[in-house]
Amino acid sequence: MKRILSLLLCIILITGTQVTPAFAAPEWPSNVSVEAEGAVLMDARSGAVIYGKNLHAVYYPASITKILTALIVIEHCNLDDVVTFSHDAIYSVEQGSSSAGMDVGDQMTVRDCLYAMLLKSANEVANALAEHTAGSIQNFAVLMNAKARELGCQESHFNNPSGLNDPQHYTSAYDMALIAQAAYDNETLVEISSATTHKIAPTTQNPDGFTIRGEHRLCVTEDPSSPYYYPEAIAGKTGYLIKAGNTLVTYAVKDNRRLVSVILKGQPRQYFVDGKALLEFGFRSFQNYTIADYESRYVTGDETISLDKGSFRASDLMIDPDSVVTLPNGASFEDADISLGALPEISPENAVALLTYSYNDRVVGTAYLLAKDGVTIDNNDSAADAPSSTDISTPSEPSAGADTDTPRPARSNFSLAGVLVTILIVLLVLAVISLISWLIYSKKKEARALAERRERRRLQRSGDEEEFERLLSEYKNKTRKK
């Protein structure tokens with residue numbers, strides 16, 4: 001019996017160690033690399049950092065700065081406004097730098113200026129747009145830094161609209177991805193940045209007008225078989241300075257997914273290869289889940305949830321329908337951990353909390369918890385009330401200087417499916433043990449009864465009743481002792 005129990009115990013242990021890994025969440029894919037010093041790949045919908053290399057280190061951005069410039073101009077100006085080029089706009093650029101050949105007194109619409117700045121990377125046009133928007137380049141730099149802070153950038157400082165050399169003009173790959181994420185969420189900016197060519201109206205030096213062409217090789221090519229061309233790449237911006245090296249931002253769309261890659265301090269030609277490799281990796285190895293399609297916590301039932309905007313019934317709340325999480329192929333939505341936290345400073349009017357999802361200590365998506373139409377919200381800001389007691393602590397963002405490509409601790413919690421299967425197996429094994437024990441007990445009991453009957457018949461045949469009873473009693477005592 002002891003041997004049988006020992007054998008079954010070994011079966012339980014072996015079965016448990018075999019089942020659990022089969023249901024463990026897959027590791028974060030890492031089978032990609034780049035030669036550039038700094039890089040990041042971000043899902044533009046979820047904000048998840050899919051890949052990072054020195055993503056919080058500071059570098060000179062060069063002309064990818066113009067993405068932020070364009071976003072600010074579009075948010076502050078009418079595209080049909082007319083921009084007049086000043087002496088400072090024309091001559092406060094480095095000799096030999098990118099230019100559209102504008103002269104003092106030339107005029108262009110804001111729209112044409114944006115095309116010239118994003119496709120031609122014209123530095124004097126960036127200056128003219130800055131002056132038109134804020135009155136001066138210095139005032140425009142104030143807008144740039146304010147917008148960067150609004151987007152969550154913590155490792156950047158911008159001193160001019162073009163990205164030309166300035167020791168106080170720098171950014172990180174992560175901050176640049178945040179800027180690109182916001183920029184390519186703007187339809188006007190995507191439309192302009194994705195153009196392959198654009199005809200500019202007549203100017204002093206070009207009385208017949210002129211045509212400009214995009215320079216981003218992942219987006220524009222005359223040879224579709226080029227190793228740099230990537231058909232899914234929609235828009236982006238190149239940059240180069242001796243101190244900055246080659247810089248690149250690329251926005252790509254495929255299967256309703258939107259990715260942004262950033263390359264800083266890259267090498268000639270290789271920086272296109274790096275940017276393309278990251279995008280291919282992101283589309284190949286990851287998938288998005290629409291949170292509202294899978295999440296039922298906090299939005300179903302009559303449970304009361306206490307938040308800083310008041311107390312709400314779960315059934316009066318809903319999840320932002322556009323929010324997604326980004327997970328590795330093979331992972332399920334349930335593999336992501338959830339926390340309920342306070343709202344950021346800028347959030348929708350009907351938002352009451354922010355759901356944050358993490359996977360292996362990486363933030364993979366967020367979603368606003370929204371009050372349904374007709375539900376009263378206390379919009380007086382009060383940080384005194386904490387989120388519901390059912391919360392899990394919100395995972396912290398990486399600190400400055402940390403890299404998301406640093407190996408992370410393995411997941412310590414098993415998936416729910418794995419735990420349930422293990423419990424079922426243990427219960428099944430215990431049932432088998434009980435059945436075997438009952439069969440052994442029944443066999444022994446039956447054997448004792450059979451032996452007793454045989455002894456009774458033998459003594460009865462001897463004819464000595466008293467001797468029969470005495471011997472029978474002794475036999476029973478011996479049997480019990482056994």
Side-chain angles (χ1 to χ4, degrees), residues 60-147 158-166 168-169 179 183 186 188-216 235-241 244 247:
Y60 295 118
S63 283
I64 60 175
T65 298
K66 296 181 174 80
I67 296 174
L68 177 59
T69 298
L71 178 61
I72 294 171
V73 169
I74 291 171
E75 290 178 344
H76 287 79
C77 301
N78 186 316
L79 298 189
D80 294 323
D81 285 350
V82 176
V83 176
T84 301
F85 285 76
S86 70
H87 180 277
D88 287 346
I90 298 297
Y91 291 102
S92 61
V93 298
E94 297 175 8
Q95 188 174 3
S97 64
S98 299
S99 169
M102 308 305 292
D103 203 351
V104 177
D106 276 341
Q107 292 185 326
M108 283 202 302
T109 63
V110 169
R111 178 180 282 102
D112 278 354
C113 284
L114 288 168
Y115 277 104
M117 182 180 69
L118 291 175
L119 299 188
K120 185 67 175 173
S121 199
N123 292 315
E124 83 278 28
V125 176
N127 287 343
L129 281 171
E131 292 179 345
H132 177 81
T133 304
S136 70
I137 292 174
Q138 291 75 21
N139 289 343
F140 190 80
V142 173
L143 293 180
M144 296 177 76
N145 290 308
K147 185 63 178 180
F158 299 96
N159 243 18
N160 62 68
S162 62
L164 288 174
N165 288 308
D166 188 312
Q168 296 303 311
H169 191 95
I179 293 169
N186 186 293
T188 300
L189 197 151
V190 172
E191 178 185 353
I192 294 173
S193 184
S194 62
T196 56
T197 63
H198 182 75
K199 181 68 179 293
I200 298 294
T203 63
T204 300
Q205 297 187 35
N206 297 280
D208 296 327
F210 59 100
T211 299
I212 55 175
R213 290 177 170 78
E215 300 173 346
H216 196 312
K237 186 72 188 74
T238 60
Y240 174 76
L241 288 170
T247 62

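Counting begins at 1 with the first residue of the sequence. Note that the structure is predicted; figures quoted are calculated from it, not measured.
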Indicate the atoms forming the closest heavy-atom contact of [X] with [Y], along with that distance.
X: H198; Y: D112; answer: NE2-OD1, 2.8 Å
X: V125; Y: M102; answer: CG2-CG, 4.1 Å
X: A183; Y: I67; answer: CB-CG2, 3.5 Å
X: S98; Y: S121; answer: CB-O, 3.0 Å
X: A100; Y: F210; answer: O-CZ, 3.6 Å
X: A244; Y: Y60; answer: CB-O, 3.3 Å

What is the distance from atom [atom1] of [X] to atom [atom2] of [Y], rounded to the nearest 0.5 Å?
X: I74; Y: I192; atom1: CD1; atom2: CD1; answer: 5.0 Å
X: K120; Y: K66; atom1: NZ; atom2: NZ; answer: 12.0 Å
X: N127; Y: D88; atom1: CG; atom2: CG; answer: 8.5 Å
X: E191; Y: Y115; atom1: CD; atom2: OH; answer: 5.0 Å
X: I64; Y: L118; atom1: CD1; atom2: CG; answer: 12.5 Å
X: D81; Y: H132; atom1: CG; atom2: NE2; answer: 4.0 Å

Find out whether [X] and [Y] are in side-chain contact, i.e. whether some heavy atom of one side chain is under 4.5 Å from a heavy atom of the other.
X: T238; Y: T247; result: no
X: I212; Y: T197; result: no
X: T203; Y: D103; result: no
X: I200; Y: N206; result: no
X: M108; Y: V82; result: no
X: F140; Y: E131; result: no
X: N139; Y: L143; result: no
X: F85; Y: V104; result: no

Between the side chains of S97 and N123, does any donor sit under 3.5 Å from an acceptor?
yes
Could you please spell out the steps behind the side chain to side chain contact (heavy atoms under 4.5 Å, CB included) verdict for T109 and L79?
CA-CA 7 Å; T109 63; L79 298 189; over 6 Å; no
N-O pairing of K237 and E215 below 4.0 Å
no
For G101, is there any backbone N or O sitting under 3.5 Å from a side-chain donor or acceptor partner on E124?
yes
Tell me, with the steps shown, if D106 and T204 meet side-chain hydrogen bond (donor to acceptor under 3.5 Å, both in side chains).
CA-CA 6 Å; D106 276 341; T204 300; 2.4 Å; yes
Testing [options] one by one against [X] for a side chain to side chain contact (heavy atoms under 4.5 Å, CB included), which residue passes?
X: N159; options: D166, T65, L164; result: D166
X: T69; options: P161, S63, S162; result: P161
X: V110; options: T133, L129, N78; result: L129

Could you label the plane-to-plane angle of the H169 and F158 rings as parallel, tilted or perpendicular, counting under 30° as parallel and over 60° as perpendicular?
perpendicular
